[in-house]
Amino acid sequence: MASSLSSPNQLTCIPVSSDPGGEIVPIHIVTHASQLPPEFLEPSPDKKLVIGFDCEGVDLCRNGTLCIMQLAFPDAIYLVDAIEGGKTLVEACKPALESSNVTKVIHDCKRDSEALYFQFNIKLHNVFDTQIAYTLIEVQEGGTKVPDDYISFVGLLADPRYCGISYLEKQEVRVLLRQDPNFWKYRPLSELMVRAATDDVRFLLYIYNKMVVKMNQKSLWYLAVRGALYCRCFCITDNDYADWPPLPPIPETLVTDDNAPEEEVLSVVDVPPGKMGLVIGRKGASILAIKESCNAEIFIGGAKGPPDKVFVIGPVKQVRKAEAILRGRMVETYY
């Protein structure tokens with residue numbers, strides 16, 4: 001592992017640019033809430049914020065360990081150390097992470113949201129998910145949505161329309177994580193850990209500014225709704241998400257449109273023991289066929305779980321169609 005920083009509380013000296021060829025911004029390693037900007041800790045409608053956001057951890061999900069939260073502001077990057085600062089520090093961020101006055105720019109929020117909800121009772125809200133935005137822009141500009149064709153973060157960074165840089169260090173960290181899954185738990189933070197955590201957020205605001213100007217009102221509404229549903233996706237509750245913020249309503253200006261958007265929902269389908277193989281099929285063929293027949297997004301918990309649920313997100317009619325097909329696949333037919 002790379003050498004450790006001499007003091008985990010100091011302002012690091014690693015130079016970081018918040019956009020390709022832009023100004024250098026400092027990195028703060030945060031172990032106490034007082035080290036965070038006041039406007040973040042106490043969000044206000046008078047000073048709305050847009051920040052880059054990500055989480056790192058060990059097996060990041062409900063049962064894993066959230067180790068670092070990265071917050072990218074235009075003038076600085078804050079690495080919130082959940083190991084050193086503990087639950088008190090993370091919970092100090094709860095108002096901002098749940099606030100509609102703070103836009104969290106993130107790439108694929110599902111597992112981050114799950115970890116925050118089950119480990120800290122934080123309901124991640126008001127996200128600008130760049131993975132969702134990328135697909136919406138492609139469709140808006142005449143492209144065709146392909147099942148399971150989600151842009152990776154490395155792929156997004158490489159796209160010259162949004163950033164146009166390579167992220168070779170990501171592979172190095174992936175190798176280290178395979179060798180030692182506890183990589184993000186070690187303290188003090190090494191220079192490599194700081195660099196890797198920072199690289200996952202430092203271009204998000206730059207990408208956000210490139211994306212948001214491309215999106216029309218309908219795409220922005222879909223982004224808000226799907227972002228909210230992605231945040232809920234793996235956060236199963238007994239009250240049908242009644243304690244979560246309401247989904248954004250369809251804007252009145254779009255209701256009268258000839259091509260008005262459809263209401264979107266999240267459905268959680270229970271899979272009986274021993275039936276998940278029928279749902280997924282050989283090499284994933286069954287679940288892919290379902291995705292191709294429905295205009296809905298379908299996710300399974302996989303190794304991180306939950307192992308007995310299928311999550312469906314999309315327009316109501318398409319979700320109901322997917323539910324029916326899924327339940328049909330769970331019934332074994334004998335010849």
Side-chain angles (χ1 to χ4, degrees), residues 105-111 127-167 203-204 206-233 247-248 250-251 253-267 269 279-300 302 310-326 328-329:
V105 184
I106 185 173
H107 190 83
D108 191 4
C109 63
K110 295 189 295 297
R111 290 298 184 187
V127 300
F128 184 105
D129 193 310
T130 53
Q131 189 175 73
I132 302 171
Y134 183 93
T135 299
L136 287 170
I137 293 170
E138 293 296 295
V139 172
Q140 179 184 298
E141 295 182 347
T144 302
K145 184 178 178 182
V146 179
D148 283 346
D149 186 24
Y150 303 108
I151 188 74
S152 68
F153 185 54
V154 173
L156 178 62
L157 287 176
D159 192 319
R161 295 172 297 175
Y162 301 112
C163 204
I165 65 167
S166 61
Y167 191 1
F203 296 119
L204 283 175
Y206 181 82
I207 293 169
Y208 164 83
N209 288 322
K210 291 281 188 176
M211 285 184 156
V212 74
V213 296
K214 289 176 175 281
M215 304 182 76
N216 60 29
Q217 188 181 18
K218 183 184 291 186
S219 292
L220 287 170
W221 177 78
Y222 274 126
L223 175 67
V225 172
R226 289 180 193 171
L229 294 175
Y230 265 48
C231 283
R232 300 180 184 197
C233 186
L247 297 176
I250 299 175
T253 53
L254 294 179
V255 173
T256 57
D257 193 317
D258 292 336
N259 190 26
E262 301 177 68
E263 178 189 0
E264 300 219 335
V265 295
L266 163 66
S267 173
V269 180
V279 170
I280 297 173
R282 185 177 175 84
K283 296 183 178 180
S286 179
I287 195 76
L288 181 59
I290 300 172
K291 293 177 180 179
E292 289 174 340
S293 65
C294 306
N295 182 25
E297 298 186 62
I298 303 174
F299 305 102
I300 58 176
V310 176
F311 305 86
V312 188
I313 293 174
V316 176
K317 290 182 180 179
Q318 296 298 317
V319 169
R320 300 298 173 242
K321 180 181 178 182
E323 288 174 340
I325 299 173
L326 283 164
R329 294 293 172 92

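Here the side chains of Leu220 and Val212 are in contact, with some heavy-atom distance below 4.5 Å. Residues Tyr230 and Asp108 are in side-chain contact: their nearest non-hydrogen atoms beyond the backbone lie under 4.5 Å apart. Under the 4.5 Å side-chain criterion, counting only non-hydrogen atoms from C-beta, Phe128 is in contact with Leu223. Side-chain contact check for Leu204 versus Ile106: every heavy-atom pair is 4.5 Å or farther apart.
Considering all non-hydrogen atoms of both residues, Ile250 and Pro261 come closest at CD1-O, 3.5 Å. Pairing each heavy atom of Ser219 with each of Leu136, the nearest pair is O-CD1, 3.5 Å. The two residues Ile325 and Cys294 have their closest heavy-atom pair at CD1-SG, 3.8 Å. Taking each heavy atom of Cys163 and Tyr206 in turn, the nearest pair found is CA-CE2, 4.1 Å. In terms of heavy atoms, Val312 sits closest to Leu326 at CG2-CD1, 3.9 Å. Contact record, Pro248 with Ala224: CG-CB, 3.8 Å, taken as the closest heavy-atom pair.
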Step-by-step side-chain contact (heavy atoms from CB on, under 4.5 Å) determination, Tyr162 to Ile137: CA-CA 12 Å; Tyr162 301 112; Ile137 293 170; 3.5 Å; yes
side-chain contact (heavy atoms from CB on, under 4.5 Å) assessment of Ile313 paired with Phe299: CA-CA 9 Å; Ile313 293 174; Phe299 305 102; 4.2 Å; yes
Verdict with supporting geometry, Asp129 and Lys110, side-chain contact (heavy atoms from CB on, under 4.5 Å): CA-CA 10 Å; Asp129 193 310; Lys110 295 189 295 297; over 6 Å; no
CA sep, side-chain torsions, deciding dist, call: Lys214, Glu141, side-chain contact (heavy atoms from CB on, under 4.5 Å): CA-CA 9 Å; Lys214 289 176 175 281; Glu141 295 182 347; 4.0 Å; yes
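For the atom pair CD1 (Ile207) and CG (Leu157), the distance works out to 5.0 Å, reported to the nearest 0.5 Å. A distance of 8.5 Å separates CH2 in Trp221 from CG in Leu247, rounded to the nearest 0.5 Å. We find the CZ-OG distance between Arg320 and Ser267 to be 5.5 Å, quoted to the nearest 0.5 Å. The CD atom of Glu264 sits 4.0 Å away from the CZ atom of Arg226 when rounded to the nearest 0.5 Å. To the nearest 0.5 Å, the span separating CZ on Arg329 from CD1 on Ile290 amounts to 4.5 Å. Going from atom OG1 of Thr130 over to atom CG of Leu156 covers 5.0 Å, rounded to the nearest 0.5 Å.
At most 12 non-hydrogen atoms from other residues, nucleotides or ligands lie less than 6.0 angstrom from CD of Glu263.
If you look at Phe203 and Phe153, their ring centroids are not closer than 6.0 Å.
Residues that satisfy the salt bridge (Lys or Arg N to Asp or Glu O under 4.0 Å) test with Lys317, not counting sequence neighbours, are absent from this structure. With sequence neighbours excluded, no residue forms a salt bridge (Lys or Arg N to Asp or Glu O under 4.0 Å) with Lys210.
For the pair Gln131 (side chain) and His107 (backbone), a donor-acceptor distance under 3.5 Å is absent. Counting only distance, with no hydrogens or angles, the side chain of Lys321 and the backbone of Ser293 share a donor-acceptor pair below 3.5 Å.
Listed by first then second residue, pairs satisfying salt bridge (Lys or Arg N to Asp or Glu O under 4.0 Å) with a partner in residues 285-298 read Lys145-Glu297, Asp148-Lys291, not counting sequence neighbours.
A salt bridge links Arg161 to Glu138: one of the charged nitrogens lies within less than 4.0 Å of a carboxylate oxygen.
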